[in-house]
Peer 1: 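Before I ask anything, let me first share the structure, which is written out below as structure tokens.
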Amino acid sequence: MFVAIDVADVAAARALVTAIAPHVGGIKLGLEFFCAHGPAGIAAVMAGQDLPLFLDLKLHDIPNTVAGAVHSLAPLAPSILTVHAAGGHAMLAAARAAAPPATRVVAVTVLTSLDDGDLLAAGVADGTGPQAQRLAGVARSAGLDGIVCSPHEVAAVKAVWDDGLFVVPGLRPAGSDVGDQKRVMTPADAQALGAGVLVIGRPITAAADPAAAAAAIAATLA
């Protein structure tokens, strides 16, 4: 279970990480935090923590630019780094080649804030499931370590890519507010379907007691 630290302040983020560290498997820091504080902010939050870093920047550009960005991020030693599968085979392969061996590069397929109607408006007629499977195939052929997909797609992709790393956001404990997510599931159900990394944010970070919320969710997992 990786927790998405969606607070903007470095000190607040560090305090939150310290509080939840005993109950979680890793920390995810994303684009908003990175744009506000850069590599120095990431390093400050993770300093002294014995937790893996998931750097969720969803890189998407021409292959040379993405490779250069991945190379520049290497000093942060992310355990997981995201790129967009829609960038294509060459871009994905370039990202994997530029990353340190210990960094698992995973490709975002279809954002969990999108549904079939959103894809139809963008010209994808057959929906989120087939699109996620197509993009997973591109990621696998490019040598990536896995994908990011909603919990609703993970079982179908795992059936044809058993050793892939499946990073699954859009998770909400039973009864919690789904927010801007459209394709959601409980963490335990996603784990049962084959999710390898469970990404959980606001149900923990917005809780009155984040440590207790993290412990409660962890207790539901195998």
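Values below: all heavy atoms of this structure, side chains included; hydrogens, waters and symmetry mates excluded. In this text, all values refer to a predicted model and were calculated from it rather than measured experimentally.
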Peer 1: Does any part of the side chain of Met1, heavy atoms only, come nearer than 4.5 Å to the side chain of Ile217, both counted from C-beta?
Peer 2: yes

Peer 1: Answer whether the closest heavy-atom distance between the side chains of Thr103 and Ser79 falls below 4.5 Å.
Peer 2: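 Answer no - side chains too far apart.
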
Peer 1: If you measure from CG on Leu31 to NZ on Lys58, what distance do you get to the nearest 0.5 Å?
Peer 2: 7.5 Å

Peer 1: Quick one: CD1 on Ile42 to CG on Leu76, what's the gap to the nearest 0.5 Å?
Peer 2: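 CG of Leu76 is found 6.5 Å from CD1 of Ile42.
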
Peer 1: Any side-chain heavy atom of Leu171 within less than 4.5 Å of one from Val199?
Peer 2: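 No, their side chains stay 4.5 Å or more apart.
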
Peer 1: Taking only Lys NZ, Arg NE, NH1 and NH2, and the carboxylate oxygens of Asp or Glu, determine whether Arg96 and Asp145 approach each other closer than 4.0 Å.
Peer 2: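 Asp145 and Arg96: salt-bridged.
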
Peer 1: Are any non-hydrogen side-chain atoms of Ile5 and Val3 less than 4.5 angstrom apart?
Peer 2: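 They are in side-chain contact.
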
Peer 1: With heavy-atom distances below 4.5 Å as the criterion, would you say the side chains of Asp189 and Pro151 are in contact?
Peer 2: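 Not touching, per the 4.5 Å side-chain cut-off.
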
Peer 1: Within the 4.5 Å heavy-atom criterion, are Met185 and Arg172 side-chain neighbours or not?
Peer 2: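 Result no, sub-4.5 Å side-chain heavy-atom pair not found.
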
Peer 1: Could you give me the CA-CA distance, side-chain angles and deciding distance for Gln133 and Val110, then say whether side chain to side chain contact (heavy atoms under 4.5 Å, CB included) is met?
Peer 2: CA-CA 10 Å; Gln133 291 177 53; Val110 180; over 6 Å; no

Peer 1: Quick one, Leu165 with Val167, criterion side chain to side chain contact (heavy atoms under 4.5 Å, CB included). Give me CA distance, side-chain angles, the key distance, then yes/no.
Peer 2: CA-CA 6 Å; Leu165 176 65; Val167 178; 4.2 Å; yes

Peer 1: Is Glu32 atom CD crowded by more than 12 heavy atoms from other residues, nucleotides or ligands, each under 6.0 Å away?
Peer 2: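 No - once you tally the heavy atoms of other residues, nucleotides and ligands closer than 6.0 Å, there are 12 at most.
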
Peer 1: Are any non-hydrogen side-chain atoms of Ile20 and Ile204 less than 4.5 angstrom apart?
Peer 2: yes

Peer 1: Could you tell me the separation between the CG atom of Leu92 and the CG atom of Leu135, rounded to the nearest 0.5 Å?
Peer 2: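 Between atom CG of Leu92 and atom CG of Leu135 there are 9.0 Å.
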
Peer 1: Rounded to the nearest 0.5 Å, how far does CE of Met91 lie from CG of Asn64?
Peer 2: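 Rounded to the nearest 0.5 Å, the CG-CE separation comes out at 12.5 Å.
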
Peer 1: Without swapping roles, check the side chain of His89 against the backbone of Ser141 for a donor-acceptor pair under 3.5 Å.
Peer 2: yes

Peer 1: Can you tell me how far the OG1 atom of Thr128 sits from the CG atom of Leu111, to the nearest 0.5 Å?
Peer 2: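 Spacing of OG1 (Thr128) from CG (Leu111) equals 11.5 Å.
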
Peer 1: Which of parallel (below 30°), tilted (30 to 60°) and perpendicular (above 60°) describes Trp161 and Phe166?
Peer 2: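 Plane angle over 60°, so perpendicular.
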
Peer 1: For the pair His84 (side chain) and Asp61 (backbone), establish whether a donor and an acceptor sit closer than 3.5 Å, ignoring hydrogens and angles.
Peer 2: no

Peer 1: So, taking the atom named CD1 in Ile27 and the one named CE in Met46, what distance separates them when rounded to the nearest 0.5 Å?
Peer 2: 6.0 Å

Peer 1: Are Lys158 and Asp163 within salt-bridge range, i.e. N to O under 4.0 Å?
Peer 2: no

Peer 1: With the side chain counted from C-beta on, respond yes when Leu51 and Val24 share a heavy-atom pair under 4.5 Å apart, and no when they do not.
Peer 2: yes

Peer 1: Just checking, any donor-acceptor pair under 3.5 angstrom between side chains of Ser150 and Glu153?
Peer 2: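 Their side chains do contain a donor-acceptor pair, which is all the 3.5 Å distance test asks for.
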
Peer 1: Check Leu29, Val70, Leu73, Val83 against Leu57 for a side-chain contact (heavy atoms from CB on, under 4.5 Å) and give me the one that passes.
Peer 2: Leu73

